[in-house]
Amino acid sequence: MCQTQPMQTKDGKPVRILPLVRFWGNLFNTLPKLFIPGTNFSIGFTIFSSLFFSLCRITYDYIYIALLRFPNGHPKTKFMCACTASMTHSLLLVPALWQVLHSQPYRPCAKLDGTPQYYQDAVVAMLQLCSGYMLYDFVFMLRDNSWSLHPDDVPFVGHHIVTLVYMSQVRILRAGHISAMTMMFSGEFTNPWQSAHSVTRFAIQFADSGRFWHIVHPYVEYSFAFLYAFFRSIVGPLQVIHIAYDLILTKEGRKNVAIYNSIVWVVMLSAIIIGSIPWTIECAEMVKDGIHVVKYNETYDHGPRFEL
């Protein structure tokens, strides 16, 4: 039976469980609990999430090819399908993370033990949902490139590895989950726009001039560029600085998470921000150019990877 209840009490006062916190906690408890052999590290929800996103991707393959008539087997079509699956992941994750993060006081070094069970269930569900997406994305990344790793995908694989290690460690240590979820929130917040931009920039190269894709593309590109530049140049660095302070320079941070572990986390988070600098600069330049100057237009050369 699900442990999540519609209401909990705190100091004799009713505490309302936010709807998405309740939903993901219920779903986490409903699915079978599978563990890595010899441990209590659950992976059932990770496997479920990976299968779910795989099904989404297969569905998007059908929609783009059979219904929207984009060319079957073309690298650009594959990329559009992959980006739509990525958008699905973000649209599920970001609203849920917002409510989970609002369910407990914000403290990056906070321990998970001692919090309400419904909150613990939702936190683990969020971490495993994201882990499942990373697993799915790696497998389909290989599938789309004839079961080999394309050099352009190496940075993304590195990002996935860093993210999986971070999320797994906070689950094992039962602390630092808020630091992981806040970075997940800001990182995924811009992804729907980024993924939509990846779809429209290829769609305009297939669709006739004046079609829907051509109309929306300039607005998608500009909004993506603005949000990405803002989050990666301002929000992300400020988050890393505060997380580093709370984990390393406060007494509670050093108590909850070993100092060497915190240093590794800060290095990994910093590496993600630093690694995104080229894209951040590009987006800032796109914002400076204005909405009427479209960089990724219908004649843009995306390189040999995206040619048949």
Side-chain angles (χ1 to χ4, degrees), residues 1-8 15-62 81-82 84-104 110-141 143 160-161 163-178 180-185 187-188 191-192:
M1 181 177 294
C2 176
Q3 299 177 15
T4 304
Q5 301 296 327
M7 300 291 289
Q8 298 282 335
V15 176
R16 180 172 178 79
I17 304 174
L18 295 173
L20 291 178
V21 176
R22 183 190 305 117
F23 171 80
W24 288 104
N26 280 337
L27 185 59
F28 173 75
N29 281 300
T30 299
L31 294 172
K33 297 293 185 294
L34 302 175
F35 300 89
I36 294 178
T39 73
N40 62 352
F41 190 80
S42 65
I43 57 173
F45 203 80
T46 299
I47 295 173
F48 165 79
S49 300
S50 181
L51 294 174
F52 170 76
F53 289 117
S54 298
L55 179 61
C56 287
R57 172 59 195 276
I58 293 170
T59 302
Y60 296 141
D61 287 346
Y62 173 79
C81 296
T84 307
S86 177
M87 187 188 306
T88 304
H89 168 246
S90 297
L91 291 174
L92 288 173
L93 188 65
V94 170
L97 282 173
W98 177 263
Q99 292 197 0
V100 173
L101 287 167
H102 275 71
S103 296
Q104 292 291 308
K111 294 182 70 66
L112 191 57
D113 292 332
T115 59
Q117 188 62 47
Y118 71 83
Y119 173 77
Q120 297 185 34
D121 295 339
V123 167
V124 176
M126 292 296 93
L127 297 174
Q128 290 204 51
L129 178 71
C130 192
S131 298
Y133 172 79
M134 300 296 176
L135 178 60
Y136 139 79
D137 194 44
F138 176 70
V139 172
F140 274 75
M141 200 181 292
R143 191 205 70 162
H160 288 5
I161 292 173
T163 304
L164 283 169
V165 169
Y166 199 149
M167 292 187 297
S168 298
Q169 285 189 324
V170 300
R171 289 180 56 200
I172 293 170
L173 297 176
R174 307 282 293 175
H177 55 285
I178 292 179
M181 291 193 299
T182 53
M183 293 302 297
M184 288 161 58
F185 179 84
E188 293 294 334
N191 186 260

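- One finds the CG atom of D113 at 6.0 Å from the CD atom of Q120 (value rounded to the nearest 0.5 Å).
- A donor-acceptor pair is defined here as one N or O able to donate and one able to accept, closer than 3.5 Å; such a pair exists between the side chain of T59 and the backbone of L55.
- Scanning all heavy atoms of the two residues, the minimum distance from A125 to F45 falls at O-CE2, 3.5 Å.
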Derivation and outcome, side chain to side chain contact (heavy atoms under 4.5 Å, CB included), residues F41 and I172: CA-CA 7 Å; F41 190 80; I172 293 170; 3.8 Å; yes
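- For the residue pair Q128/S49, the side-chain donor-acceptor check at 3.5 Å is not satisfied.
- Neither side chain, D137 nor S86, offers a donor N or O lying under 3.5 Å from an acceptor on the other.
- Annotation for Y62: atom OH does not count as buried by contact number, only 12 or fewer foreign heavy atoms lying within 6.0 Å.
- The backbone N or O of V165 sits nowhere less than 3.5 Å from a side-chain atom of S168 that would complete a donor-acceptor pair.
- Residue R171 holds its CZ atom at 13.0 Å from NE2 of H177, rounded to the nearest 0.5 Å.
- A distance-only check finds a donor-acceptor pair linking the side chain of K33 to the backbone of F28 [under 3.5 Å].
- For the pair V123 and V100, the minimum side-chain heavy-atom distance is below 4.5 Å.
- Not one N or O on the side chain of R57 forms a donor-acceptor pair closer than 3.5 Å with the backbone of A85.
- Rounded to the nearest 0.5 Å, atoms CG (L20) and CG (L27) are 12.0 Å apart.
- The aromatic rings of F48 and F52 sit parallel, their planes meeting at an angle under 30°, below the 60° perpendicular limit.
- Note that the CG atom of L127 and the OG1 atom of T46 stand 9.0 Å from one another [nearest 0.5 Å].
- Using a 4.5 Å heavy-atom cutoff, the side chains of F35 and I43 are not in contact.
- Taking the six-membered ring for Trp and thresholds of 30 and 60 degrees, F53 and H89 have ring planes more than 60 degrees apart, a perpendicular arrangement.
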Step-by-step side chain to side chain contact (heavy atoms under 4.5 Å, CB included) determination, H160 to M141: CA-CA 12 Å; H160 288 5; M141 200 181 292; 4.2 Å; yes
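- Scanning both residues, I17 and R22, for their nearest heavy atoms gives O-NH2, 3.1 Å.
- When all heavy atoms of S90 and P95 are compared, the closest pair comes out as O-CD, 4.0 Å.
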S103 and Y118: CA distance, side-chain angles, deciding distance, side chain to side chain donor-acceptor pair (under 3.5 Å) verdict: CA-CA 10 Å; S103 296; Y118 71 83; 5.6 Å; no
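- With rounding to the nearest 0.5 Å, the separation of CZ in F138 from OG in S50 is 11.5 Å.
- The distance from atom CD1 of I161 to atom CE of M134, rounded to the nearest 0.5 Å, is 11.5 Å.
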